[in-house]
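Contents: one structure, followed by commentary.
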Amino acid sequence: MKTRFLSAMIALAFIVIASSCSQSTSKEVSSPSGNIKVVVEQNPATKGLSYKVLSVNNGTATEAIQSSPLGIVYDNEDFSSNLTLKGFSESSLVKDSYTLIAGKQSQVEASCNEFTVTAVNPNQKEIQVRFRVYDDGVAFQYVLQGNETVTIKSEATGFSIPMGGKGWMHPYDKVTDWSPGYETPYENGIAVGTNAPADRNGWAFPLVFNTNNLWILVTEAGGEAFKYGGTHLQPNCENGLYTIRFAEADEARGLCSNEPQVQLPFSTNWRVIACGSTPSTIVETNLTQTLNAATPYTDLSWIKPGVAAWSWWSTPDSPKDFNLMVPFIDMASELGWPYFLVDANWNIMKNGDLKKVCDYAAKKNVGILVWYNSGGTNNVVTEMPRNIMCDSEKRKKEMKWMQEIGVKGIKVDFFQSDKPCIMQQYEDILKDAMDAHILVNFHGCTLPKGWERTYPNLMTMEAIIGEENYAFQSAYPAIAPVLNTIIPFGRNAVGPIDYTPTTFTNHKFPRLTTVAHELALSILFQSGIVHIADHVKGIEAAPDYVKKFLSEIPAAWDETKYVTGTPGKEVVLARRKGNIWYVAGINGENNTKEITFDASFLSNGTTMNLISDGTNQQEFAWDSKQQSETPKITVKTLPYGGFVATFVK
């Protein structure tokens with residue numbers, strides 16, 4: 001009996017030892033529907049962690065992200081190599097549901113399978129990497145353990161994109177008195193693995209790729225960025241490996257460090273990869289918003305998206321003269337637009353002051369939005385008012401005053417840095433503005449990271465080379481048509497964009513786009529406040545059916561669909577508000593086109609009202625007809641042309 005018992009115990013010991021020795025060094029988790037898969041494993045050579053992302057279509061798995069490094073370094077703790085893998089948690093289903101007051105989709109349902117991998121370094125310090133696998137992509141973040149304050153030195157995080165495809169991305173700008181601000185033009189369809197230009201500081205998020213028969217978008221998200229700072233990509237991306245880079249040390253005129261100092265425990269920004277077999281996945285995704293915390297605010301009734309008139313584009317001195325702004329306020333009132341933006345230097349206004357503007361606009365049922373400089377010592381831009389939005393006490397006092405005189409929102413400009421201290425200023429402004437019932441528009445700013453879910457007063461952000469550049473850059477007219485076709489796949493896919501669209505008249509550098517192309521941008525680009533850039537005279541000269549269309553355009557959407565198109569060539573999107581579908585399309589190339597798209601998502605028997613190109617660049621054409629059961633619609637466009645259509649049952 002004793003012999004048999006001893007033999008059994010020895011056998012059990014061998015089983016335990018064998019089980020321990022064969023502990024899995026990798027984990028594979030799929031999304032709830034099984035169409036996205038992530039594999040996390042330990043690199044046998046470096047003992048660091050790595051991951052890859054696969055898209056599954058009809059049972060076939062294709063790599064969207066090839067094996068890529070994970071890791072982070074802080075103070076004397078290195079989590080990029082020589083790790084001991086402690087194990088993987090079981091995956092758990094996480095369901096999320098929320099409302100966006102302003103966005104591409106009003107009601108968002110999101111489910112993912114979440115798991116963590118835990119490892120320790122040679123100093124026995126622990127790190128976790130939290131993964132979420134959604135049906136339209138993958139997100140992950142580092143979870144740092146402890147109770148001390150540490151300085152993050154670097155991230156080893158990489159995104160290995162399969163070679164042989166194309167990319168649409170823009171460089172992270174060099175540091176000047178006016179940059180960085182994510183305002184460099186997109187590169188159009190460059191080879192995967194192309195290094196950033198030598199005179200720039202790497203590549204900026206978001207990255208867009210078409211490779212391995214997949215469409216891939218890479219970006220970052222989350223309110224963690226308020227303390228961690230924003231990041232971009234190193235300039236060298238040999239063999240398609242794009243790696244994380246912190247904000248540049250000389251940004252914000254040297255104010256604060258570009259290395260995050262954080263109190264442990266701490267979770268970093270989310271790294272986000274959306275992917276699928278068609279562009280619809282990256283155009284329609286809400287991952288950046290989903291990865292932010294739910295709003296803690298309950299009274300949101302005062303938050304109203306809408307269209308704004310804007311005088312600065314055509315008349316830069318208008319904010320300094322009450323009389324010059326009056327025609328724009330009158331136009332906003334006539335068209336039913338809820339807002340007018342008073343831009344820079346209004347504090348030296350003649351013939352009136354801001355309260356007089358608010359009082360006059362209130363009688364016209366128009367709300368006033370007001371410009372502020374974000375600096376401060378972080379910039380030397382002389383436009384005023386300055387030294388308010390960077391000072392907590394002054395900012396709170398100013399917002400209380402604005403609320404008293406009826407200001408509805410602010411445009412805060414010239415942040416020009418992704419450093420942690422500047423990123424924290426964004427949240428401070430959003431919080432104070434929520435308390436004062438003030439809407440917010442950020443300019444000269446970082447890339448959207450989904451903050452509008454937590455702070456629904458965040459209506460829009462610039463972070464793009466927009467239509468104001470018809471006044472500044474001789475090269476812009478040639479850039480704009482192509483840029484406009486890329487934006488829905490990249491920059492606008494991750495958050496609202498204040499492009500200031502729809503310029504029927506010409507500025508210093510005349511545009512190449514048609515007036516119908518310009519009109520289409522008001523729908524094609526999503527923004528919680530749509531600033532129509534043109535002069536009163538330009539709007540008044542448009543046909544009545546165009547003015548009627550402008551008077552009715554929404555600034556928040558219930559649903560968005562990618563219809564057709566390729567970045568750099570053409571794009572058609574459909575957006576729904578209530579029971580009305582708005583379809584907008586543009587041609588980014590210098591040749592006439594017939595753009596055909598599938599309209600099967602529309603109900604039979606709908607009435608189509610179409611505004612398209614006329615016989616020349618400055619002419620519209622209009623048509624109204626009952627839709628048949630044929631699901632295909634063809635629209636003729638001029639070079640750099642476009643169209644908008646509404647479909648009403």
Side-chain angles (χ1 to χ4, degrees), residues 102 178 181-183 303-320 325 328-329 332 337-349 354 357-358 361 366-376 378-379 381-390 395 398-399 401-403 405-416 422 425-430 432-434 436-446 448 451-452 455-464 466-469 471 495-501 525 527-533 555:
W178 302 88
Y182 292 83
E183 295 180 36
I303 300 175
K304 306 291 186 184
V307 178
W310 183 42
S311 62
W312 184 90
W313 186 84
S314 59
T315 316
D317 285 338
S318 57
K320 294 185 285 187
M325 292 185 284
F328 290 87
I329 297 171
W337 295 347
Y339 301 114
F340 167 70
L341 172 62
V342 181
D343 218 283
N345 300 313
W346 55 266
N347 57 315
I348 53 174
M349 187 189 310
L354 187 59
V357 175
C358 289
V366 174
I368 293 300
L369 313 172
V370 183
W371 188 97
Y372 283 86
N373 193 318
S374 72
N378 62 294
N379 73 50
V381 179
T382 57
E383 277 19 79
M384 301 178 287
R386 286 182 52 86
N387 303 308
I388 295 174
M389 289 297 145
C390 55
R395 182 174 61 241
E398 189 84 353
M399 288 190 182
W401 169 71
M402 283 190 281
Q403 188 178 25
I405 67 171
V407 169
K408 303 301 182 183
I410 54 174
K411 172 183 175 181
V412 188
D413 208 342
F414 298 119
F415 290 90
Q416 300 163 213
I422 299 297
Q425 187 183 355
Y426 288 108
E427 184 174 37
D428 295 341
I429 291 170
L430 289 168
D432 290 344
M434 281 296 298
H437 288 193
I438 299 289
L439 305 176
V440 177
N441 169 12
F442 289 131
H443 259 237
C445 61
T446 190
W451 299 336
E452 61 270 27
Y455 299 103
N457 60 332
L458 177 55
M459 291 287 98
T460 190
M461 301 175 73
E462 187 182 28
I464 193 68
E467 295 217 316
E468 66 181 12
N469 286 280
I497 183 170
D498 192 21
Y499 190 76
T500 61
F525 297 159
S527 178
I529 295 177
V530 181
H531 290 96
I532 301 297

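Closest approach of C445 and M461 over heavy atoms only: SG-CB, 3.9 Å. Of all heavy-atom pairs between N441 and H531, the closest is ND2-CE1, 3.5 Å. Annotation for S374 and N378: closest pair OG-ND2, 3.4 Å, computed over non-hydrogen atoms. Of all heavy-atom pairs spanning A555 and G306, the tightest one is CB-N, 3.4 Å. Of all heavy-atom pairs between M389 and M402, the closest is CE-CE, 4.2 Å. Of all heavy-atom pairs between V366 and W337, the closest is CG2-O, 4.0 Å.
Classified by interplanar angle (parallel below 30°, tilted 30° to 60°, perpendicular above 60°), the ring pair W371/F414 is perpendicular.
The line from CG of L439 to CG of L369 is 7.0 Å long, rounded to the nearest 0.5 Å. Taking OG1 of T500 as the start and NE2 of H443 as the end, the distance is 7.0 Å to the nearest 0.5 Å. To the nearest 0.5 angstrom, W178 atom CH2 is 7.5 Å from Q416 atom CD. Separation of atoms CH2 (W312) and CG (N345) is listed at 10.5 Å; rounding is to 0.5 Å. Distance check, rounded to the nearest 0.5 Å: CE of M384 to CG of N347 gives 4.5 Å. Note: I532 CD1 to W310 CH2 = 11.0 Å, rounded to the nearest 0.5 Å.
Contact annotation: the side chain of F442 never approaches that of P448 to less than 4.5 Å [non-hydrogen atoms, C-beta and beyond]. Using a 4.5 Å heavy-atom cutoff, the side chains of M459 and P496 are not in contact. K408 has its side chain out of reach of C358: every pair of non-hydrogen atoms, C-beta onward, lies at least 4.5 Å apart. Counting only heavy atoms from C-beta outward, the side chains of W451 and E427 never approach each other to under 4.5 Å.
Looking only at distances, a side-chain donor or acceptor of N457 sits under 3.5 Å from a matching main-chain atom of I438. With hydrogens and angles ignored, the 3.5 Å screen pairs no side-chain donor or acceptor of D432 with any backbone N or O of I429. Side-chain N or O atoms of R395 include none that pairs as donor or acceptor with a backbone N or O of A433 at under 3.5 Å. Side chain of E452 to main chain of L458: no donor-acceptor pair is present (N/O by atom type, distance under 3.5 Å, no hydrogens or angles). Panel note: side chain D343, backbone P319; no donor-acceptor pair is recorded below 3.5 Å. N387 places a side-chain N or O within donor-acceptor distance of the main-chain N or O of G376, the cut-off being under 3.5 Å. A donor-acceptor contact shorter than 3.5 Å links the side chain of T460 to the backbone of D498.
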Which is it for W401 and L354 under the side chain to side chain contact (heavy atoms under 4.5 Å, CB included) test, yes or no, and what are the steps along the way? CA-CA 11 Å; W401 169 71; L354 187 59; 3.7 Å; yes
Where do V407 and V342 land on the side chain to side chain contact (heavy atoms under 4.5 Å, CB included) test, with the steps shown first? CA-CA 10 Å; V407 169; V342 181; over 6 Å; no
Should I368 and F340 be marked as a side chain to side chain contact (heavy atoms under 4.5 Å, CB included) after you check the CA-CA gap, both sets of side-chain angles, and the distance that decides it? CA-CA 5 Å; I368 293 300; F340 167 70; 3.9 Å; yes
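Considering D413, T382, N379 in turn, N379 is the only one that fulfils the side chain to side chain donor-acceptor pair (under 3.5 Å) rule with N373.
In summary, the aromatic rings of W346 and Y372 are positioned with their centroids under 6.0 Å apart.
In this structure, K411 places its NZ atom where more than 12 heavy-atom neighbours from other residues, nucleotides or ligands lie under 6.0 Å away.
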